[in-house]
Amino acid sequence: MEKYYHSVTLDVDKCKGCTNCLKQCPTQAIRVRDGKAKIIKERCIDCGVCISVCPYHAKKAITDSLSELDKFEYKVALPAPALYGQFPKVNDINKILNALLGIGFDDCFEVAKGAEVVTNRTKELIKSGELMDITISSACPAVLRLISVRFPNLLNNVLPIKPPIEVAAYMARQEAVKKTGLSEDKIGLFFITPCPAKATSIKNPLSVAKSGIDGVISIKDVYLKLAHKINSDSPPKNLQSAGFYGVSWANVGGEAEALEEGKYIAVDGIHNVINILEAVENEKLDDISFIEALACPGGCVGGPLTVENNYVAKSRIKETAKKLPKTKFSEDVDYNVLWEKPMEYNPIMNLDEDIFTAIQKASEIDKIYKGLPGLDCGSCGSPSCKCLAEDIVRNMASETDCIFKLREKVKTLSNEMNTLSKNLKG
Amino acid sequence: MDKSIVLKYDVDGNDFSLAGEASSSVKKVLLSLGFDPEIIRKVSIALYEGEMNMVIHANGGVITVEISPEEIHMLLEDTGPGIEDIELAMQEGYSTASDKVRELGFGAGMGLSNMKKYSDVFIITSEVNKGTRVEMVVKNKQ
């Protein structure tokens with residue numbers, strides 16, 4: 001496995017080299033070079049902001065295709081609860097789950113059930129008093145990666161519980177083995193995901209040694225196929241068993257609300273998340289005990305691989321969930337939900353391993369930055385003047401990449417030429 | 001060859017929404033220089049408290065931060081009202097902040113004591129009606 005696997009990639013033919021993604025990337029992981037966007041692998045946290053903002057649809061997420069299902073004898077779909085808000089006029093989860101059977105799956109297992117287990121274990125852990133004063137949710141993998149590169153001091157505040165999908169995967173496989181009598185490897189578990197960060201966290205897991213999921217399929221890839229099957233006449237099987245709290249994880253605030261006590265902040269949108277994490281770092285939120293931080297606007301319903309507008313989807317999820325009992329599902333699971341490996345600080349923003357050299361580079365950056373126009377126009381291909389200065393020192397760019405610097409230089413040159421030619425005449 | 005880097009910030013005393021920008025910026029620089037997260041935490045909390053004090057009590061001021069591999073040296077200077085009784089001001093829970101500021105959750109009287117707690121060297125001098133000067137050093141563990 002490659003050290004930095006990413007789901008988010010670029011369709012070079014569609015990229016026009018504009019500055020939309022460049023300016024929005026929360027970790028300054030994109031540069032435009034030779035007219036095309038380039039992702040700096042080490043910096044990308046797979047939040048998918050670039051996918052959402054690209055007007056040319058050049059940013060995409062690599063996920064598996066439905067043909068992967070053929071590799072397995074028994075195929076189980078694990079839909080993220082965000083899927084339930086995608087279809088107009090559909091407030092019945094069972095219809096959506098049955099439609100999944102219609103497109104080739106043999107069974108479904110709701111990720112929302114894994115979420116309910118995570119909620120129960122979180123409550124126990126909070127009660128045990130082993131956590132820090134402020135606990136940060138570990139549900140959003142993009143936020144986890146953000147913390148590991150930008151907020152090393154908050155690593156200890158992160159809830160050391162695996163994400164709902166891994167818990168659900170364990171339960172789904174157990175259930176499938178029991179139902180079919182097949183061996184574990186004959187069973188294929190497919191996550192229906194709203195976002196690239198979750199796809200990446202399956203291929204390159206953060207808190208487990210190996211993911212229990214066999215494939216990841218994006219919501220938008222199966223959307224139309226599902227839409228055709230949703231109101232089919234075949235008698236629906238009863239597949240729905242997650243409750244209100246589990247399903248509500250799709251919306252921001254769902255996870256925190258399910259804890260039923262303690263003051264919390266539920267923050268959505270990666271730039272808002274950064275602001276809240278800054279406040280935690282400055283010890284300014286001393287009356288808060290839990291922080292649910294989700295990279296996408298509205299929470300997972302706003303994932304870049306969803307189809308429906310996130311506000312519409314949110315309202316629909318609310319309608320759907322309120323018909324369900326609070327915790328319909330409370331089965332005890334003999335599975336260790338705690339992290340198998342600790343999260344580590346990933347110092348990718350470092351200028352140099354040696355602190356002396358780093359300081360020299362920093363003061364050089366400062367000098368170069370002072371000579372730049374400070375417009376942050378992005379024309380040079382770096383997201384801001386500050387970043388260009390950094391890129392120059394890192395030997396990834398040159399000063400004349402700045403069009404204003406280039407213009408100055410051309411002007412000086414032409415003046416010199418002028419003087420020279422006059423001298424020649426004389 | 002530069003052995004240290006100097007960062008200077010004008011802290012605007014009229015705009016509360018900007019308070020915290022200097023400490024946030026210093027934090028980013030320290031991360032890029034590869035300082036230990038614990039050192040960064042001490043610096044950013046001490047500096048944030050100092051920056052807040054400048055905004056709340058002194059109508060702004062100037063922050064100068066010098067970063068070298070050995071230590072982070074912070075100098076906070078203002079031309080505000082000054083502190084009459086420094087010893088009293090240093091006590092945890094003592095505060096002269098207005099009710100309005102306290103309603104916002106500031107002015108708990110922990111600012112100066114936190115600044116002292118998180119720095120290895122803490123020197124404060126003040127003159128009434130002239131201003132206050134705070135010098136803080138956080139040493140880098142080597």
Side-chain angles (χ1 to χ4, degrees), chain A residues 26-28 43 132 146-157 263 271 274-288 343-370 384 386-387 389-391 393-394, chain B residues 1-9 16-52 65-73 104-108 110-111 113-115 117-118 140-142:
Chain A
T27 51
Q28 282 104 41
R43 290 194 177 192
M132 307 280 279
L146 174 76
I147 292 175
S148 76
V149 299
R150 259 190 78 170
F151 297 95
N153 280 310
L154 299 182
L155 286 169
N156 288 334
N157 293 74
K263 261 194 180 178
H271 295 283
I274 291 172
N275 290 339
I276 290 295
L277 295 179
E278 289 260 355
V280 181
E281 236 185 9
N282 288 334
E283 301 191 351
K284 281 292 136 190
L285 300 176
D286 45 10
D287 56 343
I288 298 293
M343 282 241 306
E344 275 168 9
Y345 174 34
N346 187 9
I348 48 149
M349 300 294 185
N350 259 14
L351 288 168
D352 202 282
E353 271 176 35
D354 174 56
I355 202 159
F356 285 91
T357 320
I359 285 176
Q360 276 162 35
K361 285 186 179 172
S363 58
E364 213 176 309
I365 289 170
D366 209 41
K367 273 174 216 153
I368 296 172
Y369 172 61
K370 280 179 183 142
S384 65
K386 189 105 209 185
C387 263
E390 198 184 310
D391 290 347
V393 171
R394 286 185 195 267
Chain B
M1 290 259 267
D2 295 309
K3 284 222 169 89
S4 69
I5 177 164
V6 179
L7 309 165
K8 211 165 181 171
Y9 302 93
F16 207 76
S17 70
L18 299 179
E21 273 199 344
S23 51
S24 177
S25 153
V26 171
K27 191 159 61 182
K28 266 193 207 155
V29 174
L30 291 175
L31 270 178
S32 74
L33 295 177
F35 277 89
D36 187 89
E38 183 54 29
I39 302 288
I40 300 174
R41 193 175 91 94
K42 286 166 78 178
V43 171
S44 59
I45 294 177
L47 200 57
Y48 179 80
E49 296 284 0
E51 194 179 349
M52 280 298 168
V65 181
E66 184 172 4
I67 305 165
S68 69
E70 295 81 29
E71 62 180 39
I72 295 103
H73 184 274
L104 295 169
F106 295 95
M110 296 302 289
S113 47
N114 265 344
M115 286 158 73
K117 182 173 139 195
Y118 287 111
N140 190 17
K141 47 180 176 195
Q142 302 253 344

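Quick caveat: nothing in here was measured; it's all calculated off a predicted structure. Reminder, nothing fancy here: chain letters follow the sequence lines and each chain counts from 1.
Across every non-hydrogen atom of B:Pro69 and A:Ile355, the tightest pair is CB-CG2, 3.6 Å. The two residues A:Ala358 and B:Leu33 come nearest to each other via the heavy atoms O-CD2, 3.3 Å.
By the 4.5 Å heavy-atom criterion applied to side chains, A:Phe151 and B:Ile40 are not counted as neighbours. Counting heavy atoms from C-beta on, the side chains of B:Ser32 and A:Asn350 never come closer than 4.5 Å.
The existence of a salt bridge linking B:Arg41 and A:Glu283 is confirmed by a sub-4.0 Å separation between a basic side-chain nitrogen and an acidic carboxylate oxygen.
Between the side chain of A:Asn153 and the backbone N or O of B:Pro37 there is at least one donor-acceptor pair closer than 3.5 Å.
With values rounded to the nearest 0.5 angstrom, B:Met52 atom CE is found 6.5 Å from A:Lys284 atom NZ. Here the straight-line distance linking atom CD1 of B:Ile5 with atom NZ of A:Lys367 works out to 9.0 Å at 0.5 Å rounding. Taken from NZ in B:Lys28 to CZ in A:Arg150, the straight-line distance is 4.5 Å, to the nearest 0.5 Å.
The contact between A:Glu281 and chain B is made by backbone and side chain atoms together, counting heavy-atom distances below 4.5 Å. Looking at A:Lys386, there are no atoms closer than 4.5 Å to chain B (heavy atoms on both sides), in backbone or side chain.
Listed by chain and number, the residues in a side chain to side chain donor-acceptor pair (under 3.5 Å) with A:Asp366 are A:Lys370 (sequence neighbours excluded). Looking at residues two or more places apart in sequence or on another chain, you find a side chain to side chain donor-acceptor pair (under 3.5 Å) between B:Glu66 and B:Ser4.
Counting heavy-atom pairs closer than 4.5 Å to chain B, the top residue among A:Asn282, A:Ile365, A:Leu155 is A:Asn282.
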Please step through side-chain contact (heavy atoms from CB on, under 4.5 Å) for the pair A:Tyr345 and B:Asp36, ending with a clear verdict. CA-CA 10 Å; A:Tyr345 174 34; B:Asp36 187 89; over 6 Å; no
